[in-house]
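First comes the structure, then the notes that go with it.
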Number of protein chains: 2
Amino acid sequence: MTVDVVTAHNRDMDVTGHTSPGSPSDPGPEPRSDPGPEPRKAASIRDVAQAAGVSYQTVSRVINSHPNVREETRKRVEAAIGTLGFRRNATAFALASGVTRSVTVLTSNTTLYGYAATLQGLEEAARAAGYSLGVKLLTPEEDLDRTVSSAAADGGGLMVIGFDRLAASALDRVPENVPCAAVVEAPSHGRTPPRPAVWADDREAARAATAHLLELGHRTVHYVAIPTSVGTRRSEGPRAQGWRGALEAAGVTPPEPHGGKGWDARVGYDEGRELARDPGVTAILCGNDDLALGVLRALHHAGRSVPGDVSVIGFDDAPHSEFVTPSLTTVRMDFQGLGRDAFALLRSQLENDYRPPAPTFAGTDLIIRESTGPTAV
Amino acid sequence: MTVDVVTAHNRDMDVTGHTSPGSPSDPGPEPRSDPGPEPRKAASIRDVAQAAGVSYQTVSRVINSHPNVREETRKRVEAAIGTLGFRRNATAFALASGVTRSVTVLTSNTTLYGYAATLQGLEEAARAAGYSLGVKLLTPEEDLDRTVSSAAADGGGLMVIGFDRLAASALDRVPENVPCAAVVEAPSHGRTPPRPAVWADDREAARAATAHLLELGHRTVHYVAIPTSVGTRRSEGPRAQGWRGALEAAGVTPPEPHGGKGWDARVGYDEGRELARDPGVTAILCGNDDLALGVLRALHHAGRSVPGDVSVIGFDDAPHSEFVTPSLTTVRMDFQGLGRDAFALLRSQLENDYRPPAPTFAGTDLIIRESTGPTAV
DNA sequence: CTGAAAGCGCTTACAG
DNA sequence: CTGAAAGCGCTTACAG
């Protein structure tokens, strides 16, 4: 396929670390008794109290904007806070108050579009609610129980982006008494996720996309699967189920699905090469836009035109899908909405008086672009 | 340009929140004095001590794998830890020990490839070192000083992904006494970042890419800029400087640069339409691959072939760039390496006895694919 | 090898 | 409206 001529350039490092002023390598002229203008250690509530001539409890009242503080006292304390550059120690606050206002996200990926966009939705919701957000990457190498329990020990709640098997088993291992919510693949009928969760209707979206291809006149539709969080066979994910359901509803026997080996364009390319060899293949649904891109590329290399000879539909509506040629027909997903809604589910476990608002998830849309068309006559 | 026929589907929500067992809405049969099999509250060091029949200091020794504990005592404590499901409270640990082993990343984006890949490098390095990783998104709406100081108050160190103006000014505002490191754009000659930082040699990479186009016979090279962290004009970033430097070295007067208005393909498309109108344009360097994708699309719509009529080079080597048609000649950046190296810089400020290892950053490479070629004769 | 004390920086009752 | 006490769950010296 693509021949990459790699021209090595700039193998030299240009990475610089500057030692901070006052580092051991620069002892300075002489030890001074004067601590100097820049405070070495962060000011505490007690330092502020002393500077303002009040007790430290009063400082606590001011920083928590308690009503019962005389105006003049407050001013004095605030002035001291300003000059000392005081910032409340979040660790001590968490320990003393018992409220953590932090969540850590467990995810096996941060760069794939669906994951990254979900993460962004989570971040926005967390920030809006005044929570800090931690991220812990799930890897096959590390012991899952250790990873999960160390994340749980960080306090606060846990969010799981459960699009894959690794993340799904992490979700299964979250201890009962740890607040937790997840965004997951649409569960099979009658099954519920082990924890409060949100999901998009992948199954229905895949059904609609497949039906659209059948309506265009294609005799059958092939499927290139993404890995899935459920089952072991690539045909068991909700997108695969929706695809199969649409075919069966039309009286078409579903062909063997492809893929299931990864999320990226290379996998799509490899599967696309196989599909391109079969002249009977005229319509392909892909589990995501990256796979679809690889399939497009493989069809191009095989000399089969899109959509003239073959129609291709992706999934997710990644940002570049509108700008490739041919532009990609795909299913738009509101990952950020999923992230926001999942955060609300977690927050309702963390704060007793918090009721989650109406879900903001926008649903799924089939976006028709250039990569699909009627069958050639 | 692309006509999107949006078929609304599945606007219905399919988002489910399951209330956890024992929620207020399900009060259960009767209050029981028996707390039941599942512990409501996490076990503390004291609970473990009691269960094991030792003092809580001994438990502390065990969980910190202190040598001076009798083998039998250790066993007993470990058994108690197991049955109680004890996990050390990270907040209390941080407060008592003074070591935080956490960093929070300040970034204005998490989905653009360069940012996401840098973040992933940071995450890997942090995890390998046993640090937890927080992410705080920088937004123009929020007060920068507040955002920075709240992140600083979370304890641990700060990492800034400083590829844009917002992040650069966040970096300027980090208080002197807060440990901090950054990954930044290559600084101009004689200027140093306000904090320890790493960078790739964007300037040299852009120079090399431009020189490559000139060597192919192009009379001049046009530039579509990404926004930059320095200066106000789009021509001031290091990539722009490298591009201009290469032209001037060849005795070519640089044309006015385009872009600078955003990072995504839409901006590239808009700029590409302008460039496509000028038949004298035969070579275009873009500040990133998304812009390049938009430019490619605009050239396609204008009926100008790539690389037959126009050559295009991107920047960053995003995962999809290899699979678009024509595949994109681009500059590969080792963002993950930058992230790892930046973390080491921060860690050396956090741990007195830690010396950063040799940098792992792999440099930049020009990857030549299909979107570039010799000028048409 | 193990236990009793003091303290990390804050908060939440409890007193005045 | 403001101050003195106790405690969050752990650690680091200090004693035995």
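So you know, we letter chains A, B, ... as the sequences are listed, proteins then strands, and number each from 1.
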Q. What nucleotide among C/dG3, C/dA4, D/dG9 has an atom nearest to a side-chain atom of B/Q57?
A. C/dA4
(Q) From CD of A/Q50 over to P of D/dG3, roughly how many Å is that when rounded to an integer? (A) 14 Å
Q) Looking only at side-chain N and O atoms, does A/S60 come under 4.0 Å of OP1 or OP2 in C/dT12? A) no
Q. When B/D164 is tested against each of B/S169, B/S108, B/S229 for side chain to side chain donor-acceptor pair (under 3.5 Å), which residue passes?
A. B/S108
Q.
Nearest whole Å is fine: how far is C/dA13 C1' from A/N64 CG?
A. 14 Å
Q.
Can a donor-acceptor pair be found, under 3.5 Å and without considering hydrogens, that links the side chain of B/R87 to the backbone of B/A43?
A. no
Q.
With a 4.0 Å cutoff (strictly under), does any side-chain N or O of A/T73 reach OP1 or OP2 of D/dC1?
A. no
Q: Nearest whole angstrom, please: distance from the C1' of C/dC1 to the NE2 of B/H66.
A: 11 Å
Q. Quick one: is C/dC8 close enough that its OP1 or OP2 comes under 4.0 Å of any side-chain N or O from A/N89?
A. no
**Q.** For atom OH of A/Y56 and atom P of D/dG3, their distance in whole Å
**A.** 11 Å
Q.
Please report the distance, rounded to the nearest Å, between CZ in A/R76 and P in D/dC1.
A. 14 Å
Q.
Nearest to the side chain of A/S55, heavy atoms from C-beta on, is which of C/dG3, D/dG3, D/dT2?
A. D/dG3
Q: Flag yes if more than 12 heavy atoms outside A/Q57 fall under 6.0 Å of its CD atom; otherwise flag no.
A: yes
Q.
If you compare every side-chain N and O of B/N68 against the phosphate oxygens of C/dC1 (OP1, OP2), does one of them come in below 4.0 Å?
A. yes
Q: Take atom CD1 of A/I63 and atom P of C/dT12, then tell me their distance rounded to the nearest Å.
A: 10 Å
**Q.** From CZ (A/R173) to CG (A/L158), nearest 0.5 Å
**A.** 14.0 Å
(Q) Defining pairs by Watson-Crick or G-U wobble geometry with both distances under 3.5 Å, how would you list the stems of DNA chain C with at least three pairs each? (A) C:1-3 with D:14-16, C:5-12 with D:5-12, C:14-16 with D:1-3
(Q) Is the phosphate of D/dG3 approached by A/T58 (side-chain N or O, under 4.0 Å from OP1 or OP2)? (A) yes
Q: Return the value, rounded to whole Å, for the distance between atom CG of B/L95 and atom P of D/dC8.
A: 13 Å
Q) Across the strands shown, which category fits B/R88 at heavy-atom distances under 4.0 angstrom: base, sugar-phosphate, nothing? A) sugar-phosphate
Q.
Rounded at 0.5 Å granularity, tell me how far CD in A/Q120 sits from OG1 in B/T110.
A. 4.5 Å
Q. Can you tell me if CD on A/E124 sees more than 12 non-hydrogen neighbours from other groups inside 6.0 Å?
A. yes
Q | 5′-ward residue of the pair B/A96/B/R74 relative to DNA chain C | A | B/R74
(Q) Of the options D/dC10, D/dT2, C/dT11, whose atoms approach the side-chain atoms of A/S97 most closely? (A) C/dT11
Q: Looking only at side-chain atoms of B/R61, point me to the closest of C/dG3, C/dG9, D/dT11.
A: C/dG3
Q. From C/dT11, D/dT11, C/dG9, pick the nucleotide closest to the side chain of A/F93?
A. C/dT11
**Q.** B/I45 CD1 to D/dG7 C1', straight-line distance once rounded to whole Å
**A.** 15 Å
Q | Whichever of A/R46 and A/V54 has its nearest DNA chain D nucleotide further upstream toward 5' | A | A/V54
Q. Say you draw a straight line from CG of B/L122 to CD1 of B/I161; how long is it, rounded to the nearest 0.5 Å?
A. 5.5 Å
Q) How far does OG1 of B/T58 sit from CD1 of B/I45, to the nearest 0.5 angstrom? A) 9.5 Å
